[in-house]
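Computed from heavy atoms alone, side chains included, the values below leave out hydrogens, waters and symmetry copies.
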Amino acid sequence: GTDISSATMTQGSDPTIWTYVWNVPSGSDGTATVTVAGSDLAGNAYVGTTNLVFTIDNIAPTLSPVAIISNNATTSLAKEGDIITLTFTSNEAISTPTVTIAGDAATVTGGPTSWSASYTVTNATTEGLAAINVAFSDLAGNAGTPVTAVTDASSVTVDRAVPTLSPVAIISNNATTSLAKEGDIITLTFTSNEAISTPTVTIAGDAATVTGGPTSWSASYTVTNATTEGLAAINVAFSDLAGNAGTPVTAVTDGSSVTVDTTPPTAFTTGLVTAVGGVVVADKWNATNTHADVTIPLETADVSLVDGTIQMQTSIDGGATWVDFMPPPQTITSTDHTAGSVTFSVDEAGVESAHGGIVDGQTVRIRAIITDKAGNVTTGTESASTLFIDQTKPVILPLVVGWGAYLNAVEDNSNGTISVTTTGVEDGQTVTLNLNGTNYTNTITANATTITIPALDLQIQKLAEG
């Protein structure tokens with residue numbers, strides 16, 4: 001401590017008031033004791049307080065720790081309406097400090113050593129790292145060095161800007177990327193102008209799975225049989241890390257689109273099969289035929305058929321196994337669609353190639369499969385007509401005449417017979433025998449038949465021969 005004694009005091013204009021001026025030495029600190037003694041003009045001793053003790057404080061105060069935080073969900077960020085709080089502790093009692101946060105005055109509470117300053121972000125608050133300034137003095141008036149930085153590396157960044165998304169694009173994994181059928185995946189890609197929290201995305205009205213971040217994002221959705229058909233609507237709800245909500249995005253930026261089509265082509269029956277070329281016999285394929293035409297009906301109200309395909313299939317085992325007919329599927333043109341049908345040609349080489357060969361006696365069944373542009377498939381009912389394969393010419397072997405080489409007077413009294421043996425003739429086919437201008441017929445069974453010549457005809461024939 002410092003003692004102040006033996007110092008002469010100065011009398012002022014009022015003879016009852018005495019003053020002593022003492023300049024506190026620089027750097028001096030601690031307590032000072034003052035002893036007052038004296039007497040009046042009559043010699044009476046001074047009566048009153050003789051000792052005064054006061055504290056000398058020449059040391060500037062300091063603040064530590066100093067920390068800053070926001071009440072935002074992300075405490076290092078602050079959006080409009082959030083409260084930023086600066087907390088600090090002084091090493092001695094100080095007067096209420098003056099604090100600014102982000103350049104604006106903060107509200108200070110606490111003391112005498114533990115303090116808090118809070119500030120509510122407005123739409124005019126300066127964006128970026130929130131600057132701080134704390135001006136303070138101790139109770140003796142010693143000013144501390146203004147504090148402009150925290151001591152613990154904490155920080156708060158003011159972010160009032162609303163995030164945006166661009167570019168935004170949509171695509172399907174369908175062969176035609178602007179279409180999607182059941183099972184296809186629609187993908188929405190978008191980029192944000194700043195880091196955002198995981199957005200909520202719907203595609204065609206249903207929730208999508210979101211991946212990526214913090215600025216490059218992808219949302220995918222698998223089409224089901226319950227997905228709304230038509231242009232796939234999108235909705236992206238998003239906010240930046242500070243919580244600023246962007247305007248929900250409901251449109252792409254590049255003109256891309258995906259149309260959902262889960263409806264298969266209308267059910268149909270494959271048209272009649274007609275052999276063409278050479279000798280045409282209904283439901284038969286013979287050695288003279290060049291090909292067969294099949295007409296496939298098309299639903300003119302279904303525009304999704306344009307640029308779709310027709311695949312012909314054939315079966316030679318009664319419909320148990322169906323094989324794609326070569327050549328590959330035929331594309332449905334707008335002309336076909338307008339006409340309401342398309343004619344497909346089936347030739348022998350194509351059927352043989354598809355089945356590894358065909359033989360007489362087999363029946364070829366034919367059907368068509370229509371696939372629309374989106375890939376939805378309808379297998380048509382097989383044609384009501386078939387093609388029975390018969391490319392072997394029939395052969396009549398030498399006839400066996402029942403009366404031998406000569407017809408005598410006894411033999412012509414009874415009916416005569418001529419036995420016919422064939423190869424390559426189906427049961428039920430008719431054989432016609434012409435005997436001297438008269439025709440006689442019978443049907444083939446197991447490549448054989450017998451033709452009967454009435455006795456009267458034999459007698460006439462014999463007379464004719466003389």
Answer yes or no: is there a donor N or O on one side and an acceptor on the other, between the side chain of [X] and the main chain of [Y], under 3.5 Å?
X    : Y    : value
N174 : A374 : yes
H337 : D302 : yes
S70  : L77  : yes
D261 : T263 : yes
S218 : T211 : no
T371 : T309 : no
Q429 : E426 : no
N434 : G437 : yes
N286 : N289 : yes
R367 : G380 : no

Do [X] and [Y] make a side-chain contact, defined as non-hydrogen atoms from C-beta onward lying under 4.5 Å apart?
X    : Y    : result
V168 : V236 : no
V210 : P199 : yes
E411 : L458 : no
D457 : L435 : no
N442 : V431 : no
P163 : N193 : yes
V201 : F190 : yes
P454 : N415 : yes

Do [X] and [Y] have side-chain atoms, one donor and one acceptor, less than 3.5 Å apart?
X    : Y    : result
T157 : D159 : no
T227 : T224 : yes
N447 : T422 : yes

Rounded to the nearest 0.5 Å, how far does [atom2] of [Y] lie from [atom1] of [X]?
X    : Y    : atom1 : atom2 : value
I186 : T177 : CD1   : OG1   : 11.5 Å
W217 : T189 : CH2   : OG1   : 13.5 Å
I358 : I389 : CD1   : CD1   : 4.0 Å
L399 : T417 : CG    : OG1   : 11.5 Å

Requested in this report: Could you check K181 against V223 for side-chain contact (heavy atoms from CB on, under 4.5 Å), going step by step and ending with a plain yes or no?
Outcome: CA-CA 7 Å; K181 67 181 186 304; V223 177; over 6 Å; no

Between [X] and [Y], what is the shortest heavy-atom contact and its length?
X    : Y    : result
L231 : S257 : CD1-CB, 3.6 Å
S197 : D240 : OG-O, 3.9 Å
E182 : T262 : N-CG2, 3.8 Å
S345 : F325 : O-CE2, 3.5 Å
A368 : M312 : CB-SD, 3.8 Å
S192 : P214 : OG-O, 3.5 Å

